[in-house]
Amino acid sequence: MFSTFNGLPLHPLVVHAIVVLLPLATLGTLLIAVRPGWRVRYGPLVVAAALVSTVLIPVATSSGENLEKQVGDPGQHAQLGDQLLWFALALLITSAVFVATELRRERAPTPQPPKLFTAWAVLAVVAALACSVQVYRVGDSGARAAWGGTVSSGQ
């Protein structure tokens, strides 16, 4: 289904969108967790970045499978890429609930108990950190699959 765009392999094009948006979503989640004043203002943008990157992951994996048929097995990269969806979903869900809880707290006529809010904040931070590590692992393995042995350090 997904293989090329304008004559170029679709996989690296989609991957670059994910490589920008997903780390922005993880960084944004960390920032809104520690900066209460930013939650209402930037929270929806963080969730939107997480949503778009999560939606793009199946496109990247599908286009990667098509590219694999042309260039060969990318090794561990394909497995790590398949796992990334679960990390992104965890980030999306926890950040969305965290932001929704904050928006509800802002609109509430009486102060809300912070325990549930704090729990979602902690879960969102953990999901953001785990997602960041997985993005690195996928990207590193993809770079090694594409460029391993073709680039020298010049030493």
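Hydrogens, waters and symmetry mates play no part in the numbers below; they use all other heavy atoms, side chains included.
- V125 belongs to a hydrophobic cluster with L30, L129, counting contacts under 4.5 Å between side-chain heavy atoms of Ile, Leu, Val, Met, Phe, Trp and Tyr, direct or through other members.
- Partners of L27 by side-chain contact (heavy atoms from CB on, under 4.5 Å), not counting sequence neighbours, listed by chain and number: L31.
- For the pair A127 and T94, the tightest heavy-atom approach, listed with the atom from each and the gap, is CB-OG1, 3.5 Å.
- The side-chain hydrogen bond (donor to acceptor under 3.5 Å, both in side chains) test applied to D140 returns R144, not counting sequence neighbours.
- A side chain to side chain contact (heavy atoms under 4.5 Å, CB included) with S95 is found for exactly one of L51, L123, V47, namely V47.
- For the pair S63 (side chain) and A60 (backbone), a donor-acceptor distance under 3.5 Å is present.
- Under the 4.5 Å side-chain heavy-atom criterion for Ile, Leu, Val, Met, Phe, Trp and Tyr, V59 and V15 are members of distinct hydrophobic clusters.
- Under a hydrophobic clustering in which Ile, Leu, Val, Met, Phe, Trp and Tyr are joined whenever their side-chain heavy atoms come within less than 4.5 Å, directly or via other members, F117 and V46 fall into the same cluster.
- F87 approaches A130 most closely through the heavy-atom pair CD2-O, 3.7 Å.
- Judged as a side-chain contact (heavy atoms from CB on, under 4.5 Å), and not counting sequence neighbours, the contacts of V52 are L21, L56.
- In this structure, R137 has no salt bridge (Lys or Arg N to Asp or Glu O under 4.0 Å) partners at least two apart in sequence or on a different chain.
- Here T101 pairs with nothing under the side-chain hydrogen bond (donor to acceptor under 3.5 Å, both in side chains) rule; sequence neighbours left out.
- Both L92 and V55 belong to a common hydrophobic cluster when Ile, Leu, Val, Met, Phe, Trp and Tyr are linked at side-chain heavy-atom distances under 4.5 angstrom.
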Checklist entry - Stepwise, does the side chain to side chain contact (heavy atoms under 4.5 Å, CB included) test hold for L45 with L24? => result CA-CA 10 Å; L45 291 173; L24 280 176; over 6 Å; no

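- Residues in residues 78-87 take part in these side-chain hydrogen bond (donor to acceptor under 3.5 Å, both in side chains) pairs, two or more places apart or across chains: Q83-Q134.
- Identified under the side-chain hydrogen bond (donor to acceptor under 3.5 Å, both in side chains) test for residues 35-54, with sequence neighbours left out: none.
- Summarising the geometry of P74 relative to A145, their closest heavy-atom pair is O-CB, 3.6 Å, with the distance given to 0.1 Å.
- For residues 12-22, there are no salt bridge (charged side-chain N to carboxylate O under 4.0 Å, His left out) pairs, not counting sequence neighbours.
- Scored by the side-chain contact (heavy atoms from CB on, under 4.5 Å) test, I57 finds I18, L22, T61, L84, L85, A88 as partners (sequence neighbours excluded).
- Sorted by first and then second residue, the ring-ring contact (aromatic ring centres under 6.0 Å, His included) pairs involving residues 62-85 (not counting sequence neighbours) form an empty list.
- When all heavy atoms of F98 and A33 are compared, the closest pair comes out as CZ-CA, 3.8 Å.
- Annotation: the span from L91 atom CG to C131 atom SG amounts to 5.0 Å, rounded to 0.5 Å.
- Residue pairs satisfying the side-chain hydrogen bond (donor to acceptor under 3.5 Å, both in side chains) criterion with at least one member in residues 22-31, sequence neighbours excluded, are listed as follows: T26-S132.
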